[in-house]
Undergrad: 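The structure's right below; bear with me while I get my questions together.
Each chain gets a letter, A, B and so on, in the order the sequences are listed, and its residues count up from 1.
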Protein chains: 2
Amino acid sequence: MTRPTIHDVARAAGVSLSTVDRVLNDRVGVRHATQIRVAQAMRELGFERNAAAANLARRRQDRLLFILPAGSNSFMRGLERELAQRSEAWEFTSIAVQVVPAFDDVALARTLQAVDPGATDGVAVVATDSPVVRAALAELRERGVAVVTLVSDLPSSRRQHFVGIDNVQAGRTAASLLGRFCRGRSGKIVIVAGSMLVRDHAERRLGFEQVLRAEFPDQQILPPLEGRDDRDIVEAELDRVLRQQPDVTGIYSLGAGTRGVARALAGHAAGAPRPSVVVHDLTPHSRQALLDGSFDAVIHQDPVREISAAVSLLQSLVRGQPVDPDAGRIGIEVFLRDNLP
Amino acid sequence: MTRPTIHDVARAAGVSLSTVDRVLNDRVGVRHATQIRVAQAMRELGFERNAAAANLARRRQDRLLFILPAGSNSFMRGLERELAQRSEAWEFTSIAVQVVPAFDDVALARTLQAVDPGATDGVAVVATDSPVVRAALAELRERGVAVVTLVSDLPSSRRQHFVGIDNVQAGRTAASLLGRFCRGRSGKIVIVAGSMLVRDHAERRLGFEQVLRAEFPDQQILPPLEGRDDRDIVEAELDRVLRQQPDVTGIYSLGAGTRGVARALAGHAAGAPRPSVVVHDLTPHSRQALLDGSFDAVIHQDPVREISAAVSLLQSLVRGQPVDPDAGRIGIEVFLRDNLP
DNA sequence: ATGAAAGCGCTAACAG
DNA sequence: CTGTTAGCGCTTTCAT
């Protein structure tokens, strides 16, 4: 009636608890024959291991480290806050956070090199795309530390997984929204990026241009602004463009610095219909802008899911458990004024 | 260094384990003075209970029952599948599913009355809005069973919580998408519902009409079709309307029966630009329609989140633990062709 | 290669 | 009111 335990399995297979434990955890030192017999018994009884009991007995903490870029980027601060708040929520796991200068590959590489493999089992890192980072990451793996990239990927590096949204798809989604919102008014589209040094921005741009070119050919895409995710730079640059180009119909802000977009827009409220605006990441500011009608849509990645996917992925990696190849894929969320959470 | 346990708390407070356990679980039989002393010690040591150990020792199964409407409704079948698959995923919880005729308040009430309080601790039910259901639900509560509504709410009944999306907001979201997609082509908008007997459909319609009337006044809303979430009825009804009304610019399908919408549309492919279409719930069919361009957007509620929110809410309710008042609120997701998961 | 025994942190009788 | 004791299901030495 009640769920079978290893005791039941042991009895059924005519072996001791330890032996059952050995085959349950693929440990060495079991004759093939007994191996089979135990596995058989498990199957017959429909045994399922009680993870709570296992963790309790194991009494081991996985030590994870998150490396995030510094700066006023609301999204990254949100991740950091989430990590701090919920760091007690994962049983048998301790979480540390380290902040490094944004868009600075050398600093990131140095941080990666400084990770102590004796005190860290796994690392999640928001990657900057550069050879020194790749090298540091490979070295870290060699020293036995599990590594996943977070938010911005580094494909063909030695990271074991990526946790985040598909950024090409995100860009495509932005284009298909912005394109329809601008329909009937052909003109110029401005892309506001942070830096093409980070993969996520480059990928979003790619996806955006793919779809916009193919499906909304009457819109002309201007060369992207690089605002370094800094609201003041973004504001200044965007203001300049809006001043020079009278017929901007849409703006896609694919990085942070969203407050700069809002402010530049506010400075041009007069006269012509305001451009349609799609930005990334729901923050207090983008939410406000959605509510007051200055932005049309927000493409979002949920920090809560992102963190918990990263943690459980790293846990599996560290514990040597099998990992679903597309665990780590977070959904792309779309928010309009009316479905704000 | 290591996390403090009740042993540490007991020692620090100069009491036994049982006493610590008593204050930890708000059990009766502790003098106020000791109460304070123990609480004090916990705070000072930064004690946090180890839930795994607690569950292990408690060795109690919460028995939950999910009551879902029958029929070919893909969304409901999805919930059912999810429940079956993950029913082993919740520790210390057993889950049963019961299917009842759709849109049939009497049958639902009967099922509710037949629930055995001796074998069921909590119930999650997709409610049909009707007095007999309310009564049956109240009776169930009186017999000591925890009750939450799922997907479709029954406000001002005795259910303790609702788990699902905000359906008024969902309708508003649909309107703000469909309105923009149809901009420039004023004409008629068709709403395809299942039945106004279920609250979720009524609420979606309400939200939809609010926004469409206010923000897109050049669109005319036709009286809603009631397709009873049946693809054949939906197809026939919609086909009739499309035949009679040549200038339909948009369709909002707020219930199930989405395949009927796709088929009716296919029958009218010829000539005029096809209407913009927004439907509910991502299913294999709506996904296909999004991909081949016959639907524009899908408003979705994630069955996985829905189930896990319902389970953990019921668990808390059953165990007498405090419940966050808006646990149970699931986000409204928007899918376009480009951000399909 | 296999087994016995001692916990992990907490709860649940049962005694005082 | 408070304390003692025996587990929950599994892992982990340490013997054999």
Undergrad: Whole angstrom is fine here: how far is it from CD1 in B:I6 over to P in C:dA12?
TA: 11 Å

Undergrad: Any side-chain donor paired with an acceptor under 3.5 Å for A:T149 and A:D153?
TA: yes

Undergrad: Taking only side-chain N and O atoms of B:N25, does any of them lie within less than 4.0 angstrom of OP1 or OP2 on C:dT11?
TA: yes

Undergrad: On the nucleotide D:dG3, are OP1 or OP2 found under 4.0 Å from the side-chain N or O atoms that B:S16 carries?
TA: yes

Undergrad: Separation of B:I36 atom CD1 from D:dT2 atom P, in whole Å?
TA: 12 Å

Undergrad: What is the distance from CZ of A:R37 to C1' of C:dA1, rounded to the nearest Å?
TA: 12 Å

Undergrad: Kindly compute the distance separating CG (A:L314) from CZ (A:F66), expressed to the nearest 0.5 Å.
TA: 6.0 Å

Undergrad: Of the nucleotides C:dA12, C:dT2, D:dC10, which has the atom closest to the A:V30 side chain?
TA: C:dT2

Undergrad: Do the non-hydrogen side-chain atoms of A:I165 and A:V151 ever get within less than 4.5 Å of each other?
TA: no

Undergrad: Relative to the 5' end of DNA chain D, which residue comes earlier, B:H32 or A:L17, by the nucleotide with the nearest heavy atom?
TA: B:H32

Undergrad: To the nearest angstrom, how far is A:F92 atom CZ from D:dT11 atom P?
TA: 12 Å

Undergrad: Using a 4.0 Å heavy-atom cut-off, does B:V15 contact any base of the nucleic acid, only the sugar-phosphate backbone, or nothing at all?
TA: sugar-phosphate

Undergrad: Using a heavy-atom cut-off of under 4.0 Å over every strand shown, decide if B:N50 touches base, sugar-phosphate, or nothing.
TA: sugar-phosphate

Undergrad: Report yes or no: is there a donor-acceptor pair, N or O only, under 3.5 Å between the side chain of A:R3 and the base of D:dG9?
TA: no

Undergrad: Just checking A:F47: base, sugar-phosphate only, or nothing, at a heavy-atom cut-off of under 4.0 Å?
TA: sugar-phosphate

Undergrad: Could one point to a donor on the side chain of B:S18 or the base of D:dT4 with an acceptor on the other under 3.5 Å away?
TA: yes

Undergrad: Hydrogens and angles aside, do B:T93 and B:Q61 bring a side-chain donor and acceptor to less than 3.5 Å of each other?
TA: no

Undergrad: Under 4.0 Å: is that the gap between some side-chain N or O of A:R27 and OP1 or OP2 of D:dT12?
TA: yes

Undergrad: May I ask you to verify if any side-chain N or O of B:R31 is less than 4.0 angstrom from the OP1 or OP2 atom of D:dT2?
TA: yes

Undergrad: Take the protein atom CZ of B:R11 and the nucleotide atom P of C:dG9, then report the distance between them rounded to whole Å.
TA: 12 Å

Undergrad: Side chain of A:T19 only, heavy atoms from C-beta on: which candidate in C:dG3, C:dC8, C:dT11 is closest?
TA: C:dG3

Undergrad: Quick check: on DNA chain D, is the nucleotide nearest A:N55 upstream (toward 5') of the one nearest B:Q35, or the reverse? Name the residue that is more 5'.
TA: B:Q35

Undergrad: Without decimals, in angstroms, what is the distance between A:L56 CG and D:dG7 P?
TA: 17 Å

Undergrad: CG of A:D21 versus P of C:dG3: gap in Å, rounded?
TA: 13 Å

Undergrad: Are OP1 or OP2 of C:dT11 and a side-chain N or O of B:R60 less than 4.0 angstrom apart?
TA: no

Undergrad: Grab the CZ-P distance between B:R59 and D:dA6 for me, whole Å please.
TA: 16 Å

Undergrad: Using a distance-only test with no angle check, is there a side-chain donor-acceptor pair under 3.5 angstrom linking B:R22 and B:T34?
TA: no

Undergrad: Consider only side-chain N and O atoms of A:S156 and A:R134, and report whether a donor and an acceptor are under 3.5 Å apart.
TA: yes

Undergrad: Taking the side chain of B:R22 as heavy atoms from C-beta outward, which of D:dG9, C:dG3, C:dC14 is closest to it?
TA: C:dC14

